[in-house]
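One structure is given below, encoded as structure tokens.
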Amino acid sequence: MSFIYVQTKFIFVTGGVMSGLGKGVVTSSIAKLLQLSNQKVSCIKIDPYLNYDAGTMNPVAHGEVFVTEDGGECDMDIGNYERFLNQNILKSHNITTAQVYSKVIEAERKGEYLGACVQIIPHVTDEIKNRIFQVAESEELDVLIVECGGTVGDIESLPFLEALRQIRVEQGPKNVIFVHVTLAPSLDVVGEQKTKPTQHSAQELRRIGIQPDFLAVRCTEPLQEKTKKKIALFTNVTQDDVLSCHDVKSIFQVPQILYDQGIVDSIFTKFGKVGLVNASANWDKWNGIVESMLNHEDKPVKIAMVGKYVTLADSYVSVNHALHHASAKIGKSVKIDWIDSESIPDYKILSNYDGILVPGGFGTRGSEGIIKTAEYARENNIPYLGICFGFQLAAVAFARSVLRLEDANSTEIKANAKNPIIDLLPEQKDIEDMGGSLRLGANEIFVKEDSVAKKIYKSKTISKRHRHRYEVNKDYISQFNEKGLFFTGESDSGKRMEILEIPSHKFFIGVQFHPEFNSRPGFPENVFEAFVSAAAQK
Ligand code: GLN
């Protein structure tokens with residue numbers, strides 16, 4: 001198999017020492033710096049696990065499933081890329097082992113390998129390279145930054161690192177750069193920064209044929225020059241290219257930290273593209289946005305986030321970000337408390353909050369707590385935003401207490417409910433596979449005139465991302481309307497209800513879609529901005 005020559009330059013980001021060092025933030029920050037230097041950039045995330053995509057993974061263990069415009073159920077790093085770059089990323093940018101192997105096995109069954117013995121090298125590595133090149137070529141990128149998940153030394157990431165090594169050999173060092181993310185822990189009271197984990201990690205990388213060009217070293221305090229010098233000596237990386245990635249208040253400050261250490265000039269020099277850094281206007285805009293997200297000394301807007309997957313902050317990472325984007329826009333900070341809907345001792349605690357948000361969720365566990373939360377918000381006139389599950393169960397709550405419909409429920413929670421307010425999407429009835437089979441991705445929504453939603457979105461049509469199997473049962477709509485709850489957003493020619501609102505309430509909105517995936521720093525998604533503004537006035 002021969003590869004088509006591509007003009008794109010590549011930056012490969014690998015991980016060392018341990019997971020959770022923030023490779024995604026380093027990747028996004030480098031991409032941002034190059035974007036600010038007028039390069040057309042994008043990012044890819046490689047996930048070496050065997051799941052085909054993130055869709056079937058538990059958010060409490062792996063973090064949120066990030067949904068792309070084209071309906072990909074992706075790793076949450078894709079969300080970081082979108083937020084840093086303020087650009088949409090397609091599902092082809094999240095490559096997994098399962099996708100690669102299924103393609104190779106399918107080709108083998110079709111006889112496409114013409115009798116060859118099919119092997120990891122070259123067949124699997126070729127498929128990996130193809131996927132990377134396809135993104136670079138089809139999007140005509142100047143620079144593509146590829147983040148390889150996992151830590152060097154993991155068995156499952158070996159074929160990917162081998163493919164990246166081959167790309168460097170084929171395309172040459174003027175076109176390919178490796179950045180390795182490691183850790184320099186400080187153990188004693190004097191705060192001496194230890195270099196051994198980084199030394200070993202760089203060695204492990206060299207053992208498989210990769211010499212890093214940059215080391216991005218995570219540390220609590222800025223990396224001292226003597227530490228940089230020592231690391232450089234043991235890893236063959238120039239001292240100037242050993243970069244301190246110390247703790248900062250906001251992840252959006254990381255591009256500046258890397259810039260201050262000369263990473264952009266160094267990248268351009270290595271790429272033979274000297275003199276292209278000319279982005280002061282872009283820089284000012286970006287810094288303005290970062291600045292707006294920091295240092296609010298006023299009283300924060302207090303939001304209760306009530307849901308099921310509250311034990312891991314990353315389970316709703318995009319919702320958290322969206323709330324921060326919204327509060328920054330109105331010059332405030334936001335304080336989010338996660339409340340487990342399974343164990344709310346007394347719903348009165350909810351009156352301590354300026355707003356209540358119920359994000360997406362699945363299944364029976366914790367659902368009664370969500371229904372009661374929506375009810376509490378409505379009765380006590382506390383601003384409420386329900387997303388997907390939070391939209392569906394707000395409708396159930398209203399049906400129970402205002403429409404007085406006995407046994408009102410979603411059939412996801414109670415299959416034989418007497419009043420199935422929320423029911424399976426008709427096209428879902430015969431689906432058996434759980435993976436990739438929900439209603440996914442962006443769809444157009446029509447917003448009704450003279451509605452709160454229209455005031456929020458200021459447009460008759462909007463496009464939003466979805467991830468659900470159930471929807472509002474249209475048989476009940478007139479009953480809802482009679483009692484003051486209106487469905488003011490619809491999709492698929494009026495077939496599906498997308499937005500609900502109670503206009504007599506201070507702020508009570510539910511959305512079937514996921515607005516959090518469209519929110520970006522400096523550009524909060526409309527309904528988040530409206531919700532946080534309403535909460536700020538409580
Ligand atoms: N469980 C609900 C459904 O499948 C809601 C999904 C969600 O909140 N993402 O429709």
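Whatever order the structure lists them in is the order used to number ligands and atoms, beginning at 1. Predicted model only: the values in this text are computed from it and were never measured.
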For a distance cut-off of 3.5 Å, show me each N or O of ligand 1 paired with any protein N or O, plus the separation.
unit_1: ligand 1; atom_1: 1 (N); unit_2: Gly361; atom_2: O; d: 2.9
unit_1: ligand 1; atom_1: 1 (N); unit_2: Glu412; atom_2: OE1; d: 2.7
unit_1: ligand 1; atom_1: 1 (N); unit_2: Glu412; atom_2: OE2; d: 3.0
unit_1: ligand 1; atom_1: 4 (O); unit_2: Arg469; atom_2: N; d: 3.0
unit_1: ligand 1; atom_1: 8 (O); unit_2: Gly361; atom_2: N; d: 2.9
unit_1: ligand 1; atom_1: 8 (O); unit_2: Gly361; atom_2: O; d: 3.3
unit_1: ligand 1; atom_1: 8 (O); unit_2: Phe389; atom_2: N; d: 3.1
unit_1: ligand 1; atom_1: 9 (N); unit_2: Arg467; atom_2: O; d: 2.9
unit_1: ligand 1; atom_1: 9 (N); unit_2: His514; atom_2: NE2; d: 3.3
unit_1: ligand 1; atom_1: 10 (O); unit_2: Gln392; atom_2: NE2; d: 3.0
unit_1: ligand 1; atom_1: 10 (O); unit_2: Arg469; atom_2: N; d: 3.1
unit_1: ligand 1; atom_1: 10 (O); unit_2: Tyr470; atom_2: N; d: 2.9

salt_bridge([X], [Y]) N-O dist < 4.0 Å:
X: Arg465; Y: Glu82; value: yes
X: Glu525; Y: Lys464; value: yes
X: Arg439; Y: Asp492; value: yes

(request) Compute the centroid of each ring, for Phe389 and then for Phe362, and state whether the two points are separated by less than 6.0 Å. (result) no
(request) Flag the pair Tyr470 / Phe391 as yes when their ring centroid distance falls below 6.0 Å, and as no otherwise. (result) no
(message) With salt bridge (charged side-chain N to carboxylate O under 4.0 Å, His left out) as the rule and sequence neighbours excluded, what pairs involving residues 369-392 come up?
(response) Glu375-Arg378
